[in-house]
Structures are given as C-alpha cells and as structure tokens.
Amino acid sequence: MDPLWVFTKRKAFLAAMPGKDLSAKQLEDLGGFEGVDCDNNEEKVTYLPLCETFNKVHALAIQKPARKRRPKKKRAGKPKYTAVPTFGWAESSDINEDTKPDICTYPAIPEAEAMYTLTDEERKGKVKPDTTWRSELRKQEARTMWGWMTMFIEVKTGQHPQPFLSTKDGRWVPNPHPKAKEARVQIIKYAAELQLRQHRTFVYTALICCNMVWFIRWDRAGALVSEPIDYKLDPAPLLNFVHRVTSVSAEEQGYDPTVTLATDEQVAMFQRHADELPEGWRKTYAQHALSDPGRYPICAVQCPDVPWLDTTKDKALDPDKPRTHTYLIGRYRSGYRSPTGRGGKCFIAYDVDRGCLVVLKDYWCANVSTVHRELDTYQRFHDTGVVENVAEAIAGGDVLSGDGKQQLTTSQKGSTLRVEPAERFHHRLVFRNVGRPLETYERSSELVEKVLEAIFGHFEAWQKAGVLHRDVSIGNILIDVDTNDAFLNDWDLCKYREELGLRGTAASEYGRSGTWPYLSGILLEYPRKPNELSDDLESFVYVLAICLLRFHRHNLLCAAAGSVDQPNGPLSYHIGSRYDAAFPTPSGYAVGGTEKLRAMQKADPGFVLDTSNSPQLNDLMQKLYRLGQAHYATLDFDEMEEKYGVPRAHPPPQPTNPQPTHTTNFDAIARKFGDRWKRAAAPRHGEGVDQQQALVPSVQPHSPPPSGVHHADLSLGDFNSHAHILDAIMGLDQTSWINDKTSDNFANLPRIERIESIGASGKKRRSHGDEQPSTEGPVQKKSRGGLSTGVSTTLETHVEVSPRKEREDADNRTRHADEGVANGMGKDEAEDGAQDVEEDEGRDNPFGGGEKAFGVLDGSDSDATRFVPSTEAYKLRHDLDDPFL
C-alpha cells in the first residue's frame, strides 16, 4: 500500500477535527443532496446543487458585523465563507491551466471577493439551448485563487472509478486504474499548490466520486484519508465536515497563527522602501516581492533574534525593545510545490525594525536526533568562528502555535509503513545576506573566483566547525549583492564530523544526500554510501563544468545551438548521459553514476573549450579531473559494491535442469577458406619496432592523455585486418558451450527519445544563447529537472519517499522506499503529484531557497529521500511509481 495515504475510520476523522457538529434540527433543515445527479457523466451538472447546499451550511456560521460599543439595534451579519464553482478558471497563465479545482471555498471578505469574482466580460459565452443549468452556472462561476482559498472539493461523476479500493482484508489502497490515478494526481497537485501559496500547518480537502466522498487532511508528513461515505444516503458527515472547516478559528483551519495579513500602513512602508532603493538587485527583489499583492497578499511574520546576534551591526534597533521583530513578506522567491516533505519556501522580506531587506527561509524539519535544525548549524558556526563565505543568520527558531507549543505534523501517526515516517516541526530563519545566483557571473574569471570563495567557505566549515555540507550545487552558491562575495548556503542537509565514519552505527548509514546532477559518481553508483568530504569536493568540479558547458563556447556546440531544426545533439547527449542519467533499481534506489566514474577514471572532462575562452580554463578542468582520477584509483570497488551496492536488475530465473553442452563449428567454417585468411593478415602493431615506441598512440586525443591511463595490448592486432578479429574468435575454446539464450531483453526497454528539444515537461528547450543571466535583475530561470536552461517545467518525474527505508537492508525495503522521505515531499509526486518549483521571474532564488531547486536526495534525515530525478535530458517511457499514487 502507498506509504503516504493514511486511512482512518470516518468517525475517527471527524472526531479529530476541531469544532462541533450541526444539530439534528440544522441537519433536518438543510436536507440532503437529492438534487445532485452523481450518475450523470456531465460532471458540471453537480456543481450548482453542491455549492447551494454548502452555502446553506456556511450561512449557519455568521460573520458578525462591525458595531459600535453600544449599538441601538441588532444588525444581521453575513456568511463568513462562500462556495463557488471554479472548474473553468485557472488563476493565471503562469500556473498550469489544469490547476483549477471544481469547487472552492473562499472567505467572504472584500479582498478575496475582488480576486475570485469574474468580470461581466469574462462571463460571456455561448450557452447551449435548453440547458438553463448551464446559464445559471455561467453566472456563478468564479476564478481559482490559491492565495485566498480556504479549502477545495474535487468532483467526479458517472462511471468514474473510485480513487481508492478496499482489499479483502479490509485495507484501503490506491486504485491502479488510470482514471483513478488521474484523480489522485489532481488533488495532489492542488494540495501542493495551496500549501505553496499560503502559510499553512495543514489543509482540509474533499474528493467526491459519484455518490461517495473522501475527507482528506494534508500536512507535511502525509495525507490522512477517511473511509468513503455515501453522502447521498447519509448526508450528515459531509455537511458536518463543511461546517467544521468553516466555523472554527483560522488556526484550527490550518493557518499559521504567526503569519497575519499586513496592515495598510505596513504595506505602504514596504512599498516606500522599494521605491527609494537604487536600481540593482535589491530593488528588483523588493519589486518582485510586492508584485501582484492580490494573488500574493503581503503578510507580517514575527521572528525572534538569534541569541548570539551582534547588535553593534544594527544601529537602527533600540536595545531596550524586545528581541522579536516583524518581517513583511509577499510573493515567494522560491518554493517547493509538494504536498508533503520539507516544503521549503524562501522570501525576500522587509525588516520593519531595521528598515532593510533580508531573506526569510521557512521549512518543516524532520523531528529526529540525526537531523539538525539549520539554525543550530549556524550557532555552531558562530561558536567556532566560521564567518567567511557563509550566510549570517540574525533571527529564527522553531515556529510555535497559538498556545505556545511547537507546530508539529500528526498524519505520520497512522502510517502503515514498517517504520513510521518522521514527525516534522516548523522551523524558520532570517538571514542578513541577500544573494544573486552564481549563474549571473560576468566572465570566467569571476566564475572561478566565486567557486573558489565557496570552497573556502566549505573549508572553514569543515576545518573549524566539523560540518559537512552534503549538497554542493550551483543553486547553493550565491553572490552577496552588497559585498560581491560568494557564500555557501542551505546547510539543512549537513552532518557533523563526529557523525561521519562511525562504522556499525546508524550515523554511518544515512545514505547519500545532495542534488542529482552534482552528486559524485561514487554516490550515484552506490546509493547506500554516506557522503564524505571527497563527495562534496567532487561536486564543486561539476559546478564549474556545468557552468562552462552552459555559458561558454566548446566543442559540443553546434552552429545552430538549441534550435528545433538543428538541435544541439552533442551537448544534450553529454548532459543527459553524464549529469541527468538515472535508472531505478528493484530495491527502490536510483543509480546513474557510470559515466561520471568513467570520466574521472580517464581524467576526461568530456569537452574542450575553444580559443575564445580564457586558456586557463581547459588546464583547470584537466587538473581537477586528474585529481579525481587519482582519488578513484585509491578506491576498492569490490569493497564498495559489497558495502554500499544495490541489486541493479532482477536476475532471470536460472535453469532447473543441467544444460547440455556442445562443440562449436568454428573449424568447419574456417576450412572453407583454407589458409587465405591467415596469409592476408597485416603486420601487428609492434612487430619489428621497439616496444616502447609501440605504446605511443598513433592518434592523439582531443585533450592531453592523462597519466596512468591503461594502454592497449597492441600485440593482439587491431581492426586493420580481418585476420586479427578472425583469430580472436578461432582462438576460443570450442567445447563446453551451453544453451544460454534468454527471452528478448529488449522487449520492454524504456524508449529513449531525442533530448535536444524535449524537456521534462514536454516543452521545447530554449537556445542556451537566450539564457544568459541579466545583470539588470533576477529573470534567469533556474532548472528544476536535470540541467535544463530556462524551461519552466510544469511537473517533474521526481519521486521521493520515506527516508529510513534508505537505510534498511535492500532485501527488506518496499519497492516504494528509497532514499527518500515518505513523508518527505510528498512524493513528490512523480510527474503527477507535486512539483519542484521556483517563481517564474526568479528561479534564481536569492538565497538558494528553503528547498533544493531540483532532485534533492535527503538521505540524511529520517527523511532521506527516494529520488528518481526528472529525466530532463532524456525521457524514459515507463511509468515511475508515485508513492502517493
């Protein structure tokens, strides 16, 4: 059974919801859902009667009108919420057109009504004759508005298959039917979008399929699902569900009580600051945060200062005032579109008390001893004197509920996994540094300088604090917009030196962690291997290589780079095979480091920069790969396979009976030609020449041959004569051959399509030449799937599952386990569920984002991640199981 869907009895689900049920009299007055034609294949006919009944329920929860202290007479209020059909109107073009729930419930306040209400012009359209319900539906239609939505309800009618099925032993499991999977995919996407756009601790939704309804409560550890209820026969549970959601406080609805709508005065203050900023990155970031406040409301967040804060840097602060300050946030700078998991989001925030821009990071951390709060890591940096080329944390801590308790997930408690998914707690940090993406460097010398600074930051963290980053990538190296110094950020996957290399303890069994294209070859090939210092350093090499491949001229570029008619095949193939390659294994892991290993062992960067670049770059890459060659020469791969390897394929069944042997007919075949083939043999290399001279290759490679390369045995001959290849065959033992042919292994191979123009979302790649980062502002789109440059992908084939499974013995894992956190990232959602996303105008996250830009392997927590990276460089045509589906 899927690990993230947690099923519970309907009575238990409703009893756990805050609020009270409707009275018997209220239920009688409301009636049932007789007007809902759930058997009609025309799904839209159900929307109006459902909304009508839901709004009757909302009318019972009255919003009290504002009144004077001593009103002369009592005035009537209005419903606090309204349910409207939103099936036909997505929020905007920058969100998937299919991301529009059938029915949404919004608060009945002017700000929300202004956003979801359609104009008269939008309502116009042809209405089919004799269908008055269509005309009425047109009048009541509304727009999907994720920033204001309280909950959504998805509806399926007619003969649509149920999303979940009951097994013979009474368990509920996901229905494998394609249409059932499609329905689950929809609600996963909707739950992910809602949590990305709002500040939520949990979300209530419902899925109606024909005459049955499932209630769902989403939090960052999973999705709690009630058993189905026939709402036609028994309408009370559905009516009570709607009533409970809309009659309780905002915090009981799942809203974070530490985040409130900003006042008009606060918004004006933020706007004035943005207007007064000089042109540059800070102004661009501030304008982005304030853009479209209707869809991205400006909110105020309270956050306490860190205990070690150096107040001498904050002259604007009054030392006598409390050390908790207000930060204004609007449109997120980067975020993770997933219903579960860390759910990291990053905002450019306005510090009201300091009067400047800062960066606010918000995420849900696994509550296990082996996972460190990121703020704890920064305190360790402070205590050990690590200050260079790392960010400076000025505020943060665990986020508390209204009653002062830690905000925690609860859905993991009902998990049917052998190992319960990790509980998660809400954590928040504020940083003084505002950074621009590494990709915005202006020339190769700056690129190397910034990577050098990041390596020094890594060095300081390791040498002084004993902290290993474990997720070195382009997205985690940023350039301070004020000092122009690079810094390494996002330390939420780090481990401490004392936790590494402890044989026989859990500390050595965390499994790999990192962002897929930048992982070392050895981590990709041996997924149970924990990260080491050498893995992080190898990742820096790939940061340089990928930047050079993306922004510089080299021998893998075609004349018409990136065009559809003449796709840039060599570069696409190189990226696909070396950096994006990922293949699932029977044990649940993904592997894909073969090409990286081979390249390091041969000291071959795989490309040569042309003469228009600085000549030192080729020398640098060659030296770095030779370092890798020397490192890999010291490894015992047999030992690696024994300790950290995983089964790569299900071996075919072995024959049960002894196989008969036979002798070949090589000699009989050769006799037909006599000795002619032997006499025709060309001289072998080395015959009659000095042997040392024979070892010199006749054709020089395009790059200098690495030292220590294995030379060919030239005495065997070559391909210049038939005789040499015939001799190789004739020299074989011609006896004891067996019947060893199997069935066709190619029969079910995934189809590998052309990769030059197809991205993970099916969209065409843009020319690399069009993607140069602008120095004017953060318009660069950062790839989320593999290494696409500038494609705004919609949904990646990116799967994560529960962590601890990564550490379990391969034989004991379920096929859905892997390095991933089952609670983590909801799983993420294989090309269907959630999506790793960053805002369109700036996938260049000013602080790397609370979540990794793409393909994060979190083998570190109890929330290691099962990861099947998005096949950006090549699309594998097979169904990747989504643990949610």
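- Inspection of the T515 and D471 side chains reveals an N or O donor paired with an N or O acceptor under 3.5 Å.
- One N or O on the side chain of K596 and one on the backbone of P517 form a donor-acceptor pair closer than 3.5 Å.
- A side-chain N or O of Y542 and one of E538 form a donor-acceptor pair less than 3.5 Å apart.
- By the 4.5 Å heavy-atom criterion applied to side chains, L438 and C547 are counted as neighbours.
- Between D604 and R578, the closest heavy-atom pair is O-NH1, 3.3 Å.
- Closest non-hydrogen pair, P437 versus L478, comes out as CA-CD2, 4.0 Å.
- Annotation for Y496: atom OH counts as buried by contact number, over 12 foreign heavy atoms lying within 6.0 Å.
- Between S513 and L493, the shortest heavy-atom contact is OG-CD1, 3.2 Å.
- Although no hydrogens or angles enter the test, the distance criterion places no donor-acceptor pair under 3.5 Å between the side chain of W462 and the main chain of R497.
- Panel note: side chain N555, backbone V608; a donor-acceptor pair is recorded below 3.5 Å.
- Side-chain atoms of H458 and Q463 form no donor-acceptor pair, as typed in the model, at a separation below 3.5 Å.
- E639 and K529 are not joined by a salt bridge, as no carboxylate oxygen comes within less than 4.0 angstrom of a charged side-chain nitrogen.
- To the nearest 0.5 Å, atom CD1 of residue I455 and atom CD1 of residue I477 are 7.5 Å apart.
- Distance OH/Y625 to OH/Y632: 10.0 Å, rounded to 0.5 Å.
- Using a distance-only test at 3.5 Å, with no hydrogens or angles considered, no donor-acceptor pair links the side chain of H574 to the main chain of L549.
- Side chain of N618 to backbone of L609: a donor-acceptor contact under 3.5 angstrom is found.
- Taking all atoms of both residues into account, the shortest heavy-atom contact from P605 to Q622 is CD-OE1, 4.0 Å.
- With a 4.5 Å cut-off on side-chain heavy atoms, H372 and R380 do not count as touching.
- Looking at D535, its side chain does come within 3.5 Å of a backbone N or O of E532 through a donor-acceptor pair.
- With 3.5 Å as the limit, one finds no donor-acceptor pair spanning the side chains of D610 and H554.
- Side chain of H469 to backbone of D490: a donor-acceptor contact under 3.5 angstrom is found.
- Here the side chain of N389 pairs no donor or acceptor atom with the backbone of F456 at under 3.5 angstrom.
- In terms of modelled atom types and a separation under 3.5 Å, the side chain of E460 and the main chain of V386 share no donor-acceptor contact.
- With hydrogens and angles disregarded, a donor-acceptor distance shorter than 3.5 Å links the side chain of E374 to the backbone of W491.
- Scanning all heavy atoms of the two residues, the minimum distance from W516 to A582 falls at CZ2-CB, 3.5 Å.
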